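Below you'll find the structure, written out as structure tokens, and then a few comments.
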Amino acid sequence: MSKWQIFKSGLFKNNPVFILYLGLCPVLATSTSIRDGFGMGVAATFVLLGSNVIVSAMRGVIPRKVRIPCFIVVIATFVTLVELFLAAYQPELSKSLGLFVPLIVVNCIILYRAESFASKNTVFSSFLDALGMGCGFTLALLLLAFIREGLGKGTLLGYELIPGFEPAVIMILPPGAFLTIGLLMGFFNWRKNRGKALKCD
Amino acid sequence: MSFSAIFAILISVIFVNNFVFARFLGLCPYLGVSKDTSSAIGMGMAVIFVMTMASIVTWPLYRYFLSPFGLERVLRTTSFILVIASLVQFIEMLLQKVNPALYKALGIYLPIITTNCAILGVAVLNIDTFFKDGNPLPGSYLGSIVQAFGAGLGFTLAMVLMSSVRERMEMANIPRSLQGVPIAFVTAGLMSMGFLGFSGLVK
């Protein structure tokens, strides 16, 4: 697999949210506004980059039997870095993300990439893989946040979209998150299936 | 801590701030294990058990080991996840020796629970609600245990509701692209709309 393909696979073909169904909790919880969604995406991407690079660099050292606890410690270290950084420089964002900053530790995408990619590949490939997966995750968050903020608040990054548009508040409440992601997943499945049906003919 | 305060915590965490429908925690097992009611109940019981144990352990850890040494910001996440992971391992071994019947019922769900964000979520949430600047509020130890137990109950409620709907959905004629996870999310959205009716019940 070429380097470019490694990066690209996480973006669309293996998008962690819409195709692999991983890391859904933070996606639903922090997509109420584009700012929060982007913050979450960047924080998770940073942790993913750090953990993939360190795990891949240490792949000859970590014994196979205790690899999961080792991965968790590496991930938790980077999450603590992000937590402290956000609290110091972005206190507002840190407050609105709240519980979900420490919960990046248990985001399945990060452990999954450490286990199935970084522990078997070179540092540079793991870096690219993390970057692709992180960007895919951020893109999914932005798409969801774009729909939810646009319909739920009638704004985009805090600016009013259409004057006089009465926002549907349900979209920024929890039900809106569930409905939006369910329908989006259905849409991506439909696109995937449609391609297959054409090939069969 | 008075009885009414305990009751308020329970109602709040089971209905108003249900972990699945209002806080989006523990969605992976919620969608993964909710295909039939018996496994949903098994998973729910395992979650109640581990959540309660986790908050019994993490409160003293925070109060007596982290906050006196000024480590609460630096080591909270790392120490909590390690303690929870080893606790799950320990419970698994203990159950296997002490109560094989219970182990058989819960055993397969225990390993998945370590990476269930609801468990770490309830531990961190306890610290956020019951500590102020590193000092515990009165009655906070009992309160945190009650909150964890209630969170587990709320999670089980959500699992059982979802699994009963999904059992019937097996027969339904659903568009091919919506089958499986997408339709489960739409269903969860409708249920969570129902749970919105509880908001404002407890302040």
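Computed over heavy atoms, backbone and side chain alike; hydrogens, waters and symmetry mates excluded. Naming: A, B, ... by sequence-line order, numbering from 1 per chain. Small disclaimer: the values here were computed from a predicted structure and weren't measured.
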Heavy-atom distance under 4.5 Å to chain B: side chain of A:Leu99, backbone, both or neither? side chain
Run the numbers on A:Val79 and B:Thr78 for side chain to side chain contact (heavy atoms under 4.5 Å, CB included), then give the verdict. CA-CA 9 Å; A:Val79 171; B:Thr78 319; over 6 Å; no
Chain A heavy atoms under 4.5 Å from B:Leu31: which part of the residue, side chain, backbone, both or neither? side chain
When heavy-atom pairs shorter than 4.5 Å are enumerated against chain B, which of A:Ala76, A:Pro175, A:Ala29 gives the highest number? A:Pro175
Heavy-atom pair with the smallest gap, counting every atom of B:Cys28 and A:Cys108: SG-SG, 3.5 Å
Top contributor to chain B contacts, counting heavy-atom pairs under 4.5 Å, from A:Thr80, A:Val101, A:Ile68: A:Thr80
So what's closer than 4.5 Å to chain B heavy atoms on A:Leu24: side chain, backbone, both or neither? both
Please classify the contact of B:Leu196 with chain A as side chain, backbone, both or neither, using a heavy-atom distance under 4.5 Å. side chain
Please give me the minimum heavy-atom distance between B:Leu178 and A:Gly182, naming the atom from each residue. CD2-O, 4.1 Å
Does B:Tyr141, at its OH atom, have more than 12 non-hydrogen atoms belonging to other residues, nucleotides or ligands within less than 6.0 Å? yes
Taking A:Val27, A:Leu183, A:Val105 one by one, which has the highest count of heavy-atom pairs under 4.5 Å against chain B? A:Val105
To the nearest 0.5 Å, what is the distance between SG (B:Cys117) and CZ (A:Phe100)? 6.5 Å
Look up atom CD1 in A:Ile75 and atom CD1 in B:Ile81, then write down how far apart they are to the nearest 0.5 Å. 9.0 Å
From A:Ile72 atom CD1 to B:Thr77 atom OG1, the distance as rounded to the nearest 0.5 Å: 12.5 Å
Contact class of A:Leu22 relative to chain B, heavy atoms under 4.5 angstrom: neither
Out of A:Gly176, A:Cys25, A:Ala87, A:Pro26, which one racks up the most heavy-atom pairs below 4.5 Å with chain B? A:Cys25
Name the orientation class of the two ring planes belonging to A:Phe178 and B:Phe24 (parallel below 30°, tilted from 30 to 60°, perpendicular beyond 60°). tilted
Residues A:Asn189, B:Gln179; criterion side chain to side chain contact (heavy atoms under 4.5 Å, CB included); working and verdict: CA-CA 9 Å; A:Asn189 274 347; B:Gln179 272 165 15; over 6 Å; no
Crowded around A:Glu92 CD? As in, over 12 foreign heavy atoms under 6.0 Å? no
Taken to the nearest 0.5 Å, the spacing of A:Asn193 CG from B:Arg176 CZ works out to 4.0 Å
From CG (A:Leu28) to CG (B:Leu25), nearest 0.5 Å: 10.5 Å
Non-hydrogen side-chain atoms of B:Pro182 and A:Tyr21 separated by less than 4.5 Å: yes
A:Glu83/B:Arg76 salt bridge by N-O under 4.0 Å criterion: yes
Is A:Phe188 atom CZ crowded by more than 12 heavy atoms from other residues, nucleotides or ligands, each under 6.0 Å away? yes
Would you say that more than 12 heavy atoms from the other residues, nucleotides or ligands in this model lie under 6.0 Å from the CZ of A:Phe165, or not? yes
Under a 4.5 Å heavy-atom cut-off, does chain A meet the side chain of B:Leu120, its backbone, both or neither? both
Nearest-0.5 Å distance, CZ of residue B:Arg23 to CG of residue A:Leu103: 11.0 Å
Does B:Phe149 CZ have over 12 foreign heavy atoms under 6.0 Å away? no
